[in-house]
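Since this is a predicted model, take the numbers as computed values, not measurements. When a residue number appears, it is its place in the shown sequence, counting from 1.
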Amino acid sequence: MKGLITLSLFLLIQACDAPQRTRNPYGSVSTSGTTTTDGGTSSVTDDSTTDTSDDGIEDSTSTTVIPGFEDCNLEYRYYANNIGYIGLCQNDNSENRFKLKIDRSDVQYGTCFVPVHAQLDSQGKRTSFKLGIAECVRNQKDKEYTMTLTKQRSEEINGVMVVKATAVNAYLQCMSAKVDFLSAYPGCQYDASCLQAANNYASSVCSQFVSTYPNDYKEIYPLD
């Protein structure tokens with residue numbers, strides 16, 4: 001299956017306070033969604049969806065080279081069917097700073113970027129988990145942007161999930177699925193059968209994301 005996301009479940013247990021908001025300097029991207037709780041299904045809306053006072057993505061209109069981007073390669077090396085070709089490079093001095101461009105415009109909904117930590121498990125399978133919120137931009141064709149991703153955990157940013165704004169809610173729900181389950185059942189992490197049920201639930205939510213939005217995301221890893 002293309003780009004299957006595998007949760008690093010044991011690490012997700014540590015992320016109980018991970019926020020689910022996104023930030024878009026060019027307009028609101030709602031993170032309203034549906035999560036399964038002990039009492040059933042409830043609609044959850046985050047009031048802090050948009051934060052225009054601290055834009056995470058800015059136009060790269062200056063001719064001055066920002067330190068750390070001297071060797072930046074923005075060739076279109078990455079691709080997702082519904083996003084287009086993506087050029088992305090990481091600052092050599094600041095792990096949360098990036099330059100990007102996309103060969104296709106999306107000024108109606110936009111494209112979002114989530115910092116992730118990706119690694120190989122003992123079986124050689126890639127796993128990843130998010131490190132912070134999504135930064136979104138209504139991107140214009142071939143326009144360069146400078147981006148600062150908000151990191152809220154200690155692990156290194158060595159990957160970026162690029163996802164269409166229309167699919168970002170589903171991705172964030174995938175990333176928080178196990179935590180949501182554990183929060184609904186206090187003490188679950190100490191019960192083997194309950195913990196297995198949490199793992200199964202998280203896998204189900206992520207499989208649903210992958211099957212529903214197979215062409216709407218690209219995880220770029222490793223970064224170079």
Side-chain angles (χ1 to χ4, degrees), residues 1-12 15 18-20 22-24 29 31 33 56-57 72-91 95-104 106 109-121 123-137 139 145 147-153 155-179 202-224:
M1 183 179 294
K2 174 179 177 286
L4 180 61
I5 294 177
T6 305
L7 287 175
S8 184
L9 295 171
F10 72 96
L11 285 166
L12 281 173
Q20 296 305 303
T22 64
R23 181 164 59 201
N24 185 348
V29 176
T31 55
I57 303 179
C72 178
N73 181 358
L74 282 182
E75 292 181 5
Y76 288 129
R77 295 176 290 166
Y78 315 104
Y79 179 77
N81 285 348
N82 290 340
I83 296 175
Y85 284 96
I86 305 159
L88 182 74
C89 68
Q90 187 177 29
N91 189 287
E95 64 171 328
N96 65 333
R97 298 207 71 188
F98 296 84
K99 293 193 76 171
L100 68 100
K101 66 177 181 178
I102 300 175
D103 78 334
R104 190 183 304 173
D106 186 350
Y109 299 109
T111 308
C112 299
F113 304 83
V114 183
V116 302
H117 182 82
Q119 61 191 16
L120 298 179
D121 64 18
Q123 298 178 338
K125 182 182 297 184
R126 188 176 71 194
T127 65
S128 67
F129 54 94
K130 70 183 184 71
L131 298 177
I133 66 173
E135 300 286 356
C136 305
V137 61
N139 50 287
Y145 298 91
M147 174 172 63
T148 301
L149 295 181
T150 301
K151 177 181 173 181
Q152 298 168 313
R153 295 184 53 159
E155 293 88 353
E156 175 192 8
I157 299 175
N158 64 359
V160 174
M161 173 61 77
V162 183
V163 58
K164 287 186 69 68
T166 49
V168 72
N169 286 346
Y171 170 69
L172 294 177
Q173 288 168 3
C174 160
M175 290 289 96
S176 66
K178 184 172 182 178
V179 171
S203 295
S204 175
V205 173
C206 288
S207 294
Q208 180 65 31
F209 166 72
V210 170
S211 63
T212 304
Y213 302 101
N215 300 310
D216 290 349
Y217 70 91
K218 174 66 177 178
E219 184 174 61
I220 297 175
Y221 163 82
L223 294 169
D224 54 18

Give a yes or no answer on whether the side chain of T212 reaches the backbone of F209 with a donor-acceptor pair at less than 3.5 Å.
no
Close side-chain approach of I220 and F98, heavy atoms under 4.5 Å
no
Ignoring hydrogens and angles, tell me if any N or O in the side chain of N158 forms a donor-acceptor pair with the backbone of A118 under 3.5 Å.
yes
With rounding to the nearest 0.5 Å, note down the distance linking CD in Q119 to NZ in K125.
13.5 Å
A177 and A202: which non-hydrogen atoms are nearest, and at how many Å?
CB-CA, 3.7 Å
Atom NZ in K99, atom CG in L88: separation rounded to 0.5 Å?
11.5 Å
Can you see which heavy atom on Y221 is nearest to which on G159, and at what distance?
CB-CA, 4.5 Å
Closest heavy-atom pair, V163 versus A167, reported as atoms and distance to 0.1 Å, is CG2-CB, 3.8 Å
Does a salt bridge link R153 with E155, judged by any charged N lying under 4.0 Å from a carboxylate O?
yes
What's the spacing between M161 CE and Y171 OH if we round to 0.5 Å?
4.5 Å
Tell me the closest heavy-atom pair linking N215 and N81, and the distance in Å.
OD1-ND2, 2.9 Å
Mark yes or no for whether Q90, through its side chain, and E95, through its backbone, hold a donor-acceptor pair below 3.5 Å.
yes
Which atoms form the tightest heavy-atom contact between Y145 and I57, and what is the distance?
CB-CG2, 3.7 Å
H117 side-chain N/O to E156 backbone N/O, donor-acceptor pair under 3.5 Å:
yes
CG of N96 to NZ of K151: how many Å apart, nearest 0.5 Å?
8.0 Å
Correct closest heavy-atom pair for V168 and A134 would be CG2-CB, 4.0 Å
Within 45° cone and under 6.0 Å: K218 NZ/CZ vs Y85 ring:
no
From L149 CG over to F113 CZ, what is the distance, rounded to the nearest 0.5 angstrom?
8.5 Å
State the CD1-CG distance between I86 and N139, to the nearest 0.5 angstrom.
9.5 Å
Side-chain heavy atoms of V162 within contact of Y78, under 4.5 Å
no
